[in-house]
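Notes follow once the structure below has been shown.
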Amino acid sequence: MLARLGFVASVLSEGITTSRACRLSNATGDRLRALIAENLAALERALAFLERHHIRLYRITSNLIPFASHPVNTIAWWDEFGPALRRLGTRIRDLGLRVSTHPGQYTVLNSPHEPIVRNAIAELVYHARLLDALGTDATSKIVVHTGGLYGGSKPDALDRFCGNARALPDAVLRRLVIENDDRLFDADEVVRAARALGIPVVFDWLHHLANPCRRAIGDVLPEIFDTWTAADGRPKVHLSSQAAGGRPGAHAGFVAAADLLALLQVAPDDPFDCMLEAKEKDRALIRLRAELAPLGLRELDLEA
DNA sequence: AGGTGTCAAGTATTA
DNA sequence: TAATACTTGACACCT
């Protein structure tokens, strides 16, 4: 059952971007401060948009604080911008909004290379610090992939992931969730690692189509939903449609209602949150809603 | 002002 | 060994 639809970062229909950035070569303290202030102000405008459209699921960009985990950024931004962050957090809570983050492809916790793991940890600590500074609860998640193979076996790669994950600060681990990817680790493999760690799994529909697990997904999804405890909040899935003509796994601009209907066919009856990963962002959400309405399908939380 | 090459970071594939 | 895709937008330099 569909509880909420959400989207990622920019609000295209209002030209709001929350990820102003600069090049490393001109990342001075002043420049970074100005960018942070701009991004936080943009996030506030994004929240107003979410309120107007009764959208209660949203992914905050990793670029909100530029170079947050890079040594060039020595700003104690969580202090300096603490009041602004707390204000945003209060707004988020008042809206009943569930926010999450999704560190990018360079955050690889299972790398056999120590400096890369160190950087991944720094990036995850940044994400946790951001969500903590907003004062969101443990239903605000940080979504990561499990990483690469490095010419070795999948069990070894997942063991390395679990070992490094277990050593993370609790502030990170309580928010950490893992997602099936479109090339290596399928839904079934990821759920086994997640159970070993006691953390939830975000199921990604398009990744599953590109990289399906051996077992029937209808049998795996109940196990995935079960990884979400009351403290973690509702199960969350990622939904996108295949880009026509793109390589398998490439995101389309919009999300086809048929993909959501197919997901609902195989998903358990429990309510879940659904993050749309589409190039057209908020426009994709609005359009999908419009396509669902005639089918008598709406988000459960819109009733409340 | 607009067009375009480039950008912190990793991994894996292809040439 | 080197280039490139992934995904992605946005900067920054050039015309």
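Chain letters run A, B, ... following the sequence lines, proteins first, then strands; residues in each count from 1.
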Separation of the [atom1] atoms in [N] and [M], to the nearest angstrom:
N	M	atom1	result
B:dG3	C:dC6	C1'	25 Å
C:dT8	B:dT4	P	23 Å
C:dT1	B:dA8	C1'	23 Å
C:dA12	B:dA9	P	16 Å

Given [options], identify the nucleotide with an atom nearest to the side chain of [X].
X	options	result
A:His251	B:dA8, C:dC6, C:dT8	C:dT8
A:Leu149	B:dG10, B:dA12, C:dC11	B:dA12
A:Tyr150	B:dA8, B:dG10, C:dA10	B:dG10
A:Arg23	B:dA9, C:dT8, B:dG5	B:dG5
A:His70	C:dT8, B:dA8, B:dT11	B:dA8

Atom-to-atom span, [atom1] of [X] to [atom2] of [N] - whole angstrom:
X	N	atom1	atom2	result
A:Gln105	C:dG9	CD	P	13 Å
A:Asp204	C:dC6	CG	P	16 Å
A:Leu24	B:dA9	CG	C1'	10 Å
A:Ile60	C:dG9	CD1	P	19 Å
A:Asp182	B:dT11	CG	P	16 Å
A:Phe161	B:dT11	CZ	C1'	16 Å
A:His102	C:dG9	NE2	C1'	16 Å
A:Asp181	B:dT13	CG	P	12 Å

Q | Any side-chain donor near an acceptor of the partner, A:Glu277 and A:Ser240, under 3.5 Å | A | no

Q.
Between A:His102 and A:Glu179, is there a side-chain donor-acceptor contact under 3.5 Å, judged purely by atom types and distance?
A. yes

Q | Pair A:Glu51 + A:Arg91, salt bridge at N-O below 4.0 Å | A | yes

(Q) According to a cutoff of under 5.5 Å between the ring centres and under 30° between the ring planes, does A:Tyr106 stack with the base of B:dG10? (A) no

Q. Does any nucleotide pair with C:dT1 by Watson-Crick or G-U wobble geometry, both distances under 3.5 Å, and what is it?
A. B:dA15

(Q) Looking at C:dT8, which nucleotide sits across from it as a Watson-Crick or G-U wobble partner, both distances under 3.5 angstrom, or is there none? (A) none

Q: Could you tell me whether A:Asp269 atom CG has more than 12 heavy atoms of other residues or ligands within 6.0 Å of it?
A: no

Q.
Looking at A:Arg183, I want to see if its CZ is surrounded by more than 12 non-hydrogen atoms of other residues, nucleotides or ligands under 6.0 Å.
A. no

Does a side-chain N or O from [X] land closer than 4.0 Å to OP1 or OP2 of [N], or not?
X	N	result
A:Asn26	C:dA12	yes
A:His113	B:dT11	yes
A:Ser111	B:dT11	yes
A:Thr17	C:dG9	no
A:Arg118	B:dG10	no
A:Ser19	C:dA10	yes

Q. Do you know which of A:Arg52, A:Arg45, A:Lys281 makes salt bridge (charged side-chain N to carboxylate O under 4.0 Å, His left out) with A:Glu14?
A. A:Arg52

